[in-house]
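Reviewing the structure listed below.
Chain letters run A, B, ... following the sequence lines, proteins first, then strands; residues in each count from 1.
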There are 2 protein chains.
Amino acid sequence: MATIAKIDSPWGSQSDREAKRNSKRQAVLDTAVRLFNAKGFQATSLDYVAQALSVTKPTIYHYFSNKDDILFECLRLGMRQIQSAIGEVQQSAATGRDRLEVFAVAYALTMTQEFGMCTIRTSDDQLSAKSRKEFRALKREIHESLQAIIEDGMKDGSLIEGDARLTAFTMAGAINWIGRWYRPDQSMSPDQVAQGVVSNLMTGLVAR
Amino acid sequence: MATIAKIDSPWGSQSDREAKRNSKRQAVLDTAVRLFNAKGFQATSLDYVAQALSVTKPTIYHYFSNKDDILFECLRLGMRQIQSAIGEVQQSAATGRDRLEVFAVAYALTMTQEFGMCTIRTSDDQLSAKSRKEFRALKREIHESLQAIIEDGMKDGSLIEGDARLTAFTMAGAINWIGRWYRPDQSMSPDQVAQGVVSNLMTGLVAR
DNA sequence: GGATTTATTTACTCGTGAGTAACTTTTTTA
DNA sequence: TAAAAAAGTTACTCACGAGTAAATAAATCC
């Protein structure tokens with residue numbers, strides 16, 4: 001395997017505090033998530049992650065108990081970003097349609113970022129039984145919130161009536177997929193992509 | 001590892017012809033794709049696939065040269081299904097909108113089947129460099145066809161003007177995602193799902 | 001029915017990667 | 001500044017899975 005692109009890493013940089021530990025822990029996650037996204041979880045060895053951080057594998061075990069732990073932490077960070085977007089929208093008094101749009105754009109934006117896209121690039125078979133269960137609960141939570149917003153919109157007349165569950169999957173699919181195809185070095189900004197996809201979903205494709 | 005659910009397998013069933021070989025080869029693919037989809041490619045060992053077929057691993061190597069070969073064959077079968085849907089629609093003289101709808105429904109349907117969903121459940125990092133290149137070419141081909149149909153529709157006025165590339169990704173995302181969440185044992189039939197998702201995409205969500 | 005080819009098995013090799021033990025170095029604390 | 005705690009490293013183990021070699025069994029051909 002060729003030389004690895006070295007990361008800006010707290011090891012090797014001198015700093016001060018006790019909370020260094022957190023920054024190092026975070027650095028492991030930042031590097032791991034990047035490599036997981038780029039090469040796949042199984043295909044990324046912890047030796048490789050360590051090497052990218054200019055450190056040896058046992059150092060990583062000083063911050064995490066095992067590989068599953070690292071992946072799950074990445075997934076949780078990604079999910080948390082999406083959930084915070086829900087939070088913002090839940091106390092709003094706007095129509096379902098408006099809340100849906102705001103949430104969907106924020107959701108789409110996280111899919112352009114490493115932790116966000118990690119949640120859909122890694123399939124949950126790779127997790128331990130315990131983590132998988134937790135992860136699925138988080139996913140279900142998000143899906144239910146999305147579906148609830150859609151149902152609100154259907155009730156208040158701002159959205160077309162229909163099968164809210166299926167509609168939620170349609171939206172989630174289009175949005176999640178961003179994490180599969182979008183690379184930041186392309187011609188479109190994350191904002192443009194998020195806005196564009198959501199606008200496609202809201203207004204549809206058919207001319208009238 | 002617990003006992004494996006045994007498959008209806010040409011080994012153990014007596015039959016006649018020389019074309020048995022093809023049927024056995026196909027049985028390997030059928031079983032492999034099912035297990036790949038269920039547990040992930042890397043997490044599925046060939047020993048496990050063999051066991052599910054009541055056979056030993058070297059037998060599989062009698063039909064395929066390596067694991068990559070098997071996966072790639074699965075992917076190709078899935079892609080072929082989607083491509084044949086394109087074929088049907090390309091010689092049609094209907095509007096872009098109508099052709100898009102027909103194609104999208106057929107595409108969505110393949111995502112409810114093992115080989116179809118395999119194309120999106122397995123991320124292409126797992127392939128050898130050579131297979132990955134071929135697979136990406138197939139994906140690009142499909143994406144370009146989809147985009148071309150959308151462009152036709154935008155030109156003939158049957159679809160709303162917009163960024164056809166982004167629209168193609170929006171559609172592909174919602175459709176591909178079916179392969180991630182849909183399980184045939186659920187309340188909706190494949191047809192209902194395909195029709196429902198495509199209708200969501202075509203008409204959008206916003207009431208007017 | 002013996003010879004040849006095809007199908008399948010048993011019994012390996014070999015590399016890799018997760019995880020650990022035990023030692024060393026650095027930092028903190030008293 | 002000595003003792004204790006924290007951060008890292010070297011040097012392993014151990015399991016597992018891809019792929020192969022060589023022998024055996026079954027089917028086919030003459």
Side-chain angles (χ1 to χ4, degrees), chain A residues 1-2 4 9-28 31-32 35-36 39-73 122 125-131, chain B residues 1-2 4 7 9-28 31-32 35-36 39-73 125-131:
Chain A
M1 149 190 341
I4 294 175
S9 154
W11 293 275
S13 94
Q14 68 283 37
S15 98
D16 325 296
R17 226 130 307 292
E18 189 51 271
K20 250 183 175 177
R21 183 165 225 271
N22 288 326
S23 114
K24 290 186 186 171
R25 199 183 138 93
Q26 188 59 45
V28 173
T31 301
L35 297 177
F36 292 165
K39 298 167 44 86
F41 172 69
Q42 302 253 17
T44 305
S45 72
L46 291 188
D47 276 311
Y48 192 80
V49 175
Q51 207 177 136
L53 287 160
S54 315
V55 155
T56 59
K57 183 171 56 173
T59 297
I60 292 181
Y61 280 90
H62 199 257
Y63 294 91
F64 295 91
S65 62
N66 52 42
K67 201 184 178 188
D68 176 75
D69 189 16
I70 297 174
L71 174 58
F72 184 66
E73 209 52 42
T122 323
D125 331 297
Q126 332 240 340
L127 287 168
S128 70
K130 184 174 175 295
S131 303
Chain B
M1 149 191 343
I4 294 174
I7 302 316
S9 154
W11 294 277
S13 93
Q14 68 284 36
S15 100
D16 324 296
R17 224 130 312 292
E18 191 52 272
K20 249 185 176 178
R21 183 167 226 273
N22 289 326
S23 113
K24 289 185 187 174
R25 199 183 138 93
Q26 188 59 44
V28 173
T31 301
L35 297 178
F36 292 167
K39 300 169 42 89
F41 173 69
Q42 302 253 17
T44 305
S45 72
L46 291 188
D47 276 311
Y48 192 80
V49 175
Q51 208 178 134
L53 287 160
S54 315
V55 156
T56 60
K57 184 171 58 177
T59 297
I60 291 181
Y61 281 90
H62 200 257
Y63 295 89
F64 296 91
S65 63
N66 52 42
K67 201 184 177 187
D68 177 76
D69 189 15
I70 297 175
L71 175 57
F72 184 67
E73 209 52 43
D125 331 298
Q126 332 240 339
L127 288 167
S128 71
K130 184 172 174 297
S131 303

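Atoms CG and CZ, on B:L71 and B:F64 in that order, are 11.0 Å from each other to the nearest 0.5 Å. The CD atom of A:E73 sits 10.5 Å away from atom CG of A:D68, with the distance rounded to the nearest 0.5 Å.
Across the protein-nucleic acid pair, B:D68 atom CG and D:dA18 atom C1' stand 12 Å apart, rounded to whole Å. Atom CG in B:L46 sits about 14 Å away from atom C1' in D:dT20, given to the nearest Å. D:dA6 atom P lies 14 Å from atom CG of A:N22, rounded to whole Å. Between B:D47 atom CG and D:dA15 atom C1' the separation is 13 Å, expressed in whole Å. When rounded to the nearest whole Å, the span between NZ of A:K24 and C1' of D:dG8 equals 9 Å. A:F36 places its CZ atom 13 Å from the P atom of C:dG17, with the value rounded to the nearest Å. Rounded to a whole Å, the CZ atom of A:R25 is 12 Å from the P atom of D:dA7. Atom P of nucleotide D:dT9 and atom CD of A:Q51 are separated by 12 Å, given to the nearest angstrom.
Side-chain N/O atoms of B:K57 and base N/O atoms of D:dG17 include no donor-acceptor pair closer than 3.5 Å.
A salt bridge is defined here as a Lys NZ or Arg NE, NH1 or NH2 lying under 4.0 Å from an Asp or Glu carboxylate O, and B:D125 with A:K39 fails to meet this definition.
At distances below 3.5 Å, not a single donor-acceptor pair connects side-chain atoms of B:K57 with backbone N or O atoms of B:S45.
For the OP1/OP2 pair of C:dT8 and a distance below 4.0 Å, the side-chain nitrogens and oxygens of B:H62 include no atom meeting the criterion. Proximity of A:R21 to the phosphate of D:dA6: no side-chain N or O atom is located under 4.0 Å from OP1 or OP2. Put simply, B:Y48 has no side-chain N or O that comes within less than 4.0 Å of OP1 or OP2 on D:dC16. Between C:dT8 and B:Y61, no contact under 4.0 Å exists linking OP1 or OP2 to a side-chain N or O. Contact annotation: B:T59 reaches the phosphate of C:dT9 (side-chain N/O to OP1 or OP2, under 4.0 Å).
For B:P58, the side-chain atoms get nearest to C:dA11 when compared with the rest of D:dT9, C:dA11, D:dA18. The listed nucleotides are C:dA18, D:dG19, D:dG17; the one nearest the side chain of B:N66 is D:dG19. When distances run from any side-chain atom of B:Y63 to the nucleotides C:dA18, D:dG19, C:dA7, the shortest one goes to C:dA7.
Across all strands shown, B:T44 has heavy atoms under 4.0 Å from sugar-phosphate atoms exclusively, and none from any base.
Judged by a 6.0 Å distance limit and a 45° cone about the ring axis, B:K130 is not positioned over the six-membered ring of B:F72.
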